[in-house]
Amino acid sequence: MNATPLQDNSLSGVVGLDYWEQRITNEYGPTQIHIGRPLDFRGGYRVLPSSLTFSMIRGNIERIHMPDAAPAPSPSQSVFLVTSRQGQTLMKQGDLSLTLNPGDVTLVDPNLPWDFAFEGEFTHLSVIIPRSFMALHPKGQDAAVLWQCRSETRLARAMNAILDLLQSHAGDHDPDVGLKDALFALIAAGLASSSDDITETTKYAAAKTFQRARIYIEEYLSDPNLSPTTLAIDLGLSLRTVHRLFQQHGTTVSSYIMHKRLERCHDYLTSHTHRNRSITDIAFEWGFNDHAYFSRSFRRHFGVTPNSIRPR
């Protein structure tokens with residue numbers, strides 16, 4: 001005899017699987033579920049009282065996927081923050097894939113076709129996140145497997161700690177708006193500045209964009225109007241994206257430009273080819289328009305004055 005779904009978090013058998021599948025469909029859209037023996041199904045789907053739409057999902061199915069795209073998302077729609085508490089999940093979306101291990105955190109877009117395959121029984125915590133967060137993502141709002149934060153990172157540990165608190169105090173009378181705000185702040189910070197926590201494909205795209213930015217700076221280094229803003233406009237990037245690219249490499253756009261200009265000036269000032277040119281002339285050629293500012297910057301960077309390194 002098949003068991004009946006007495007509780008959302010304790011389901012089994014064919015009837016339990018039907019109920020579980022309906023809950024998943026209501027949340028994520030039409031899905032296809034694969035399990036060798038439906039009679040052996042064990043799982044749960046529990047919504048936790050919280051200021052967030054917060055669900056605990058577990059099961060022993062083999063695979064679940066949504067083969068067709070949902071209607072085009074609107075800015076008011078959402079994405080899902082998913083963290084694994086048990087089992088290993090191979091997640092695919094578009095041409096990208098990632099393996100979600102216990103403690104890992106990811107963002108998934110339910111409006112794009114997705115495919116999850118499970119190794120053994122799994123438990124996921126799923127939280128609805130406003131789609132507006134995707135404006136911070138390096139690949140933009142249309143990214144596929146959106147973002148991954150691995151368990152060993154401080155960011156993942158911090159997010160999981162907040163989720164644990166939300167879970168352990170679900171239903172308490174004390175408001176948890178502060179925890180919600182803290183979780184959202186961590187997600188925003190990770191999307192805006194993390195290079196270690198994004199997928200390999202995103203890392204590759206970011207590396208290529210950073211290379212384009214460096215080539216552009218080399219080409220226009222002598223232009224005194226070169227700035228983060230002109231760089232962003234000419235490369236077709238947002239100013240935030242440009243700043244994030246350089247932050248991921250431990251510097252700022254302005255510092256990088258200054259460093260390159262000072263290097264060029266140093267090369268010219270130590271070269272016999274340019275020994276008859278004035279210091280001011282060389283400085284102005286490489287984008288400086290204030291002699292005193294150039295001299296201070298040069299001494300701060302190299303520890304010597306521009307005049308002291310000139311060939312005799």
Side-chain angles (χ1 to χ4, degrees), residues 134-140 143 147 149 153-155 185-186 188-312:
M134 294 306 100
L136 298 171
H137 191 274
K139 295 190 73 177
W147 177 68
C149 188
T153 64
R154 292 172 181 167
L155 193 62
L186 288 171
L191 285 169
S193 62
S194 175
S195 62
D196 294 331
D197 299 334
I198 57 180
T199 63
E200 291 300 320
T201 300
T202 304
K203 288 180 183 179
Y204 176 76
K208 296 293 287 185
T209 304
F210 185 62
Q211 182 181 19
R212 286 174 56 213
R214 288 185 297 163
I215 291 172
Y216 179 92
I217 289 172
E218 292 289 349
E219 184 176 355
Y220 292 95
L221 197 58
S222 62
D223 184 350
N225 294 317
L226 175 64
S227 70
T229 301
T230 59
L231 175 64
I233 291 173
D234 287 353
L235 292 183
L237 303 171
S238 69
L239 187 58
R240 177 168 46 195
T241 296
V242 168
H243 283 303
R244 183 175 58 230
L245 281 172
F246 284 81
Q247 287 168 0
Q248 290 172 355
H249 289 81
T251 186
T252 66
V253 188
S254 298
S255 295
Y256 184 87
I257 293 172
M258 171 67 77
H259 176 76
K260 289 297 181 181
R261 282 175 169 164
L262 289 172
E263 282 188 340
R264 293 293 181 277
C265 289
H266 186 279
D267 290 345
Y268 272 44
L269 290 169
T270 56
S271 169
H272 286 277
T273 303
H274 302 281
R275 63 183 176 182
N276 293 324
R277 296 179 60 186
S278 70
I279 294 174
T280 300
D281 184 37
I282 292 173
F284 276 46
E285 178 172 343
W286 289 110
F288 292 96
N289 50 24
D290 183 301
H291 177 81
Y293 173 70
F294 163 73
S295 295
R296 289 195 303 272
S297 300
F298 190 95
R299 182 165 189 170
R300 189 181 304 117
H301 187 77
F302 293 107
V304 294
T305 64
N307 189 58
S308 67
I309 64 169
R310 305 220 67 181
R312 304 301 179 186

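Note that OG1 of T209 and CG of L237 are 6.0 Å apart. Values are rounded to the nearest 0.5 Å. In this structure, the separation between CG on L231 and NE2 on H243 is 9.5 Å, given to the nearest 0.5 Å. Atom OG in S227 sits 8.5 Å away from atom CG in L239 (nearest 0.5 Å). To the nearest 0.5 Å, the span separating OG1 on T251 from CG on L245 amounts to 12.0 Å. The CG atom of N225 lies 7.5 Å from the OG1 atom of T230; values are rounded to the nearest 0.5 Å.
Every residue two or more places apart in sequence or in another chain that forms a side-chain contact (heavy atoms from CB on, under 4.5 Å) with T273 is listed here: S271. Under the rule for a ring pair (Phe, Tyr, Trp, His ring centres under 6.0 Å), the partners of H274 that lie at least two apart in sequence or sit in another chain are Y268. Take Y256 and apply the ring pair (Phe, Tyr, Trp, His ring centres under 6.0 Å) test, not counting sequence neighbours, and it matches F246. The side chain to side chain donor-acceptor pair (under 3.5 Å) test applied to S278 returns no partner, not counting sequence neighbours. Residues passing the side chain to side chain donor-acceptor pair (under 3.5 Å) test with T270, sequence neighbours excluded: none. Not counting sequence neighbours, the partners of D281 by the salt bridge (Lys or Arg N to Asp or Glu O under 4.0 Å) test are R277. With sequence neighbours excluded, the residues forming a side-chain contact (heavy atoms from CB on, under 4.5 Å) with S222 are W286, listed by chain and number. Legend: residues meeting side chain to side chain donor-acceptor pair (under 3.5 Å) with S255, ordered by chain and number and at least two apart, are T252. With sequence neighbours excluded, the residues that form a side-chain contact (heavy atoms from CB on, under 4.5 Å) with N307 are I279, T305, R310.
What you find for A283 and C265 is that their closest heavy atoms are CA-SG, 4.0 Å. Across all their heavy atoms, V242 and P228 have their closest contact at CG1-O, 4.4 Å. For the residue pair P224 and N289, the shortest heavy atom distance occurs at CB-ND2, 4.4 Å.
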Could you give the side-chain donor-acceptor pairs of residues 293-302 under 3.5 Å, partners two or more places apart or in another chain?
from : atom 1 : to   : atom 2 : distance (Å)
S295 : OG     : H291 : O      : 3.2
S297 : OG     : Y293 : O      : 2.9
H301 : NE2    : H259 : ND1    : 3.3

Pairs under 3.5 angstrom only: tabulate donor-acceptor contacts from the side chains of residues 212-221 to other protein residues two or more places apart or in another chain.
from : atom 1 : to   : atom 2 : distance (Å)
R212 : NH2    : L235 : O      : 3.1
Y216 : OH     : D234 : OD2    : 2.3
E218 : OE1    : R264 : NH2    : 2.5
E218 : OE2    : R264 : NH2    : 3.4

